[in-house]
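This report concerns only the one structure given below.
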Amino acid sequence: MTEQSSTKSGGRIRGGGARRKPPSAARRAWTVTAWTAAALLLAGGSGLGYVYFKVNGNLDGVDINQALGTERPKNLDDGSMDILVLGSDSRSGANSAYGKDEGGARSDTAMVVHVHQGHKKASVVSIPRDTLIERPDCTHADGSDAPGARRAMFNTAYEAGGPACAVKTVEAMSGIRMDHYLEIDFDGFKKLIDELGGVDITTTERIDDSKSHLALEPGTHTLDGEQALGLVRTRGSVGDGSDLGRIQLQQAFIKALVDQVRDVGVFGNPKKMLDLADAATKAITPDSELDSVNELTGFARSLGSLGSEDVHMVTMPVRYDPRDPNRVVPVEADAAQVWRALKQDRPIPAAALEDSAGDKGEAADVVAGASPAGNGT
């Protein structure tokens, strides 16, 4: 493997200094879209055939199993399920409005979603984009080699070898076989939020972020797609201003959205159902085992009972890199505890997170679900 300099990949973890590249956090919107898509695709069980035929054509899957072959962690088949949910930072097409397309796309956000046996609870582990890892050898889509690298930023795996390399990297880090893969487009996320009629959230402090173009006073708000995208991009004006704090902000926002999506009344409104299913399927790229409405509907039903109280969200245990404070490295022993717990289908032990910088971003309480009293602006 080759040594990769950690100073070439852009973006700061800590607040308080100038960034070397424009922020690319909008890709983190994929997480919200994934949960939304899963919940909305329950509509596929309603018997409305035209929904099936319209949205089925939106899905184009990625065959991860064929790309990675048999050299993967063992499939435990214990009733639990592990999904890598990824967002890429391609600035092509409609996404060009969020910055310059500099060539290869990167996965600036990743979450391992572990749905526990019985599918009544889930544990979600965020992997910070700036985590320095040992990236395995991969293969480009054209069949050429994509050599591995030491001290490579996690988000370069997608750039080096696409979805399959991202999955391979996560499996190498965790020792857990990913059952599924979902990739999210953040322009599609915006449109999906608008189709939902906005998202109700409550902010506990003022947000005024010039980079995400979002200004909110403390209180309850209904965010449209553009505002929601701004919220999940916000970093400098919340918590300690770090990328780790922004992950906490996004996790809180996702929890608020999970409950709202569960309550969306689409079954009595065929047009609403069609529009939402159309937007959801246009926003995602699944693996080849989820690339039809029937398959996605079954997947959605397996998650349909989950509410925010059933989802435990953490960040992989990390510490600031002694050689580059703009990067983080895994706290190996603690990270191993997290992955072992998921592999054994157990709750993540609190002790594994005590020494991590990942849960000290001071932004976890900035956003909550909206109160039932009403919405503001």
Side-chain angles (χ1 to χ4, degrees), residues 26-67 83-98 105 107 109 111 113 141 158 162-164 166-167 178-199 224-226 228-229 254 257-258 261 264 266-267 269-304:
R27 276 74 75 198
R28 296 188 173 97
W30 55 266
T31 344
V32 179
T33 311
W35 285 104
T36 308
L40 293 176
L41 282 165
L42 284 168
S46 69
L48 291 178
Y50 69 92
V51 173
Y52 176 93
F53 289 112
K54 180 173 176 62
V55 304
N56 205 59
N58 295 336
L59 296 167
D60 186 14
V62 179
D63 195 340
I64 299 295
N65 290 332
Q66 181 178 1
I83 309 118
L84 175 60
V85 187
L86 208 68
S88 67
D89 69 348
S90 171
R91 297 300 179 84
S92 60
N95 291 340
S96 62
Y98 302 99
S107 57
T109 300
M111 284 189 177
V113 180
Y158 185 95
V167 171
M178 296 296 107
D179 297 296
H180 293 298
Y181 169 85
L182 281 173
E183 183 178 329
I184 309 301
D185 169 85
F186 61 87
D187 183 66
F189 161 80
K190 269 200 333 175
K191 294 175 181 177
L192 182 55
I193 296 300
D194 285 335
E195 288 291 349
L196 276 169
V199 177
D224 62 19
E226 191 71 43
L229 187 57
I254 291 163
L257 181 57
V258 166
V261 168
V264 171
V266 298
F267 294 101
N269 187 336
K271 184 181 185 303
K272 180 79 168 177
M273 179 168 55
L274 175 59
D275 290 344
L276 287 170
D278 189 43
T281 50
K282 284 179 177 176
I284 64 173
T285 299
D287 67 83
S288 58
E289 294 184 357
L290 292 178
D291 62 356
S292 76
V293 168
N294 283 343
E295 291 164 333
L296 268 174
T297 298
F299 172 70
R301 282 180 172 151
S302 73
L303 304 179

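Heavy atoms only: backbone and side chains are in, while hydrogens, waters and symmetry mates are out.
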Check side-chain hydrogen bond (donor to acceptor under 3.5 Å, both in side chains) between Glu295 and all other residues, then give those that pass, not counting sequence neighbours.
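Expected list: Ser292.
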Note to self: Just to verify, what does Asn65 make a side-chain hydrogen bond (donor to acceptor under 3.5 Å, both in side chains) with, not counting sequence neighbours?
What the structure shows: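 In terms of side-chain hydrogen bond (donor to acceptor under 3.5 Å, both in side chains), with neighbours along the sequence ignored, Asn65 is linked to Arg72, Glu289.
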Nearest atoms (heavy-atom pairs only) where [X] meets [Y]:
X	Y	value
Asp287	Ile64	CB-CG1, 4.2 Å
Met178	Ile83	SD-C, 4.1 Å
Ala67	Ala164	CB-CB, 3.6 Å
Tyr181	Val167	CD1-CG2, 3.8 Å
Asp194	Gly225	OD1-N, 2.7 Å
Ala279	Leu192	CB-CD1, 3.8 Å

Rounded to the nearest 0.5 Å, what separates atom [atom1] in [X] from atom [atom2] in [Y]?
X	Y	atom1	atom2	value
Leu290	Asp179	CG	CG	10.0 Å
Asp291	Thr281	CG	OG1	12.0 Å
Ile184	Met111	CD1	CE	11.5 Å
Leu182	Leu84	CG	CG	9.0 Å
Lys190	Leu229	NZ	CG	6.5 Å

Heavy-atom count around Asp60 CG within 6.0 Å, excluding the residue itself: above 12?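 Not more than 12 within 6.0 Å, no.
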- Can you spot which of Leu59, Asp185, Asn58 makes a side-chain contact (heavy atoms from CB on, under 4.5 Å) with Ile284?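 Only match with Ile284 under side-chain contact (heavy atoms from CB on, under 4.5 Å): Leu59.
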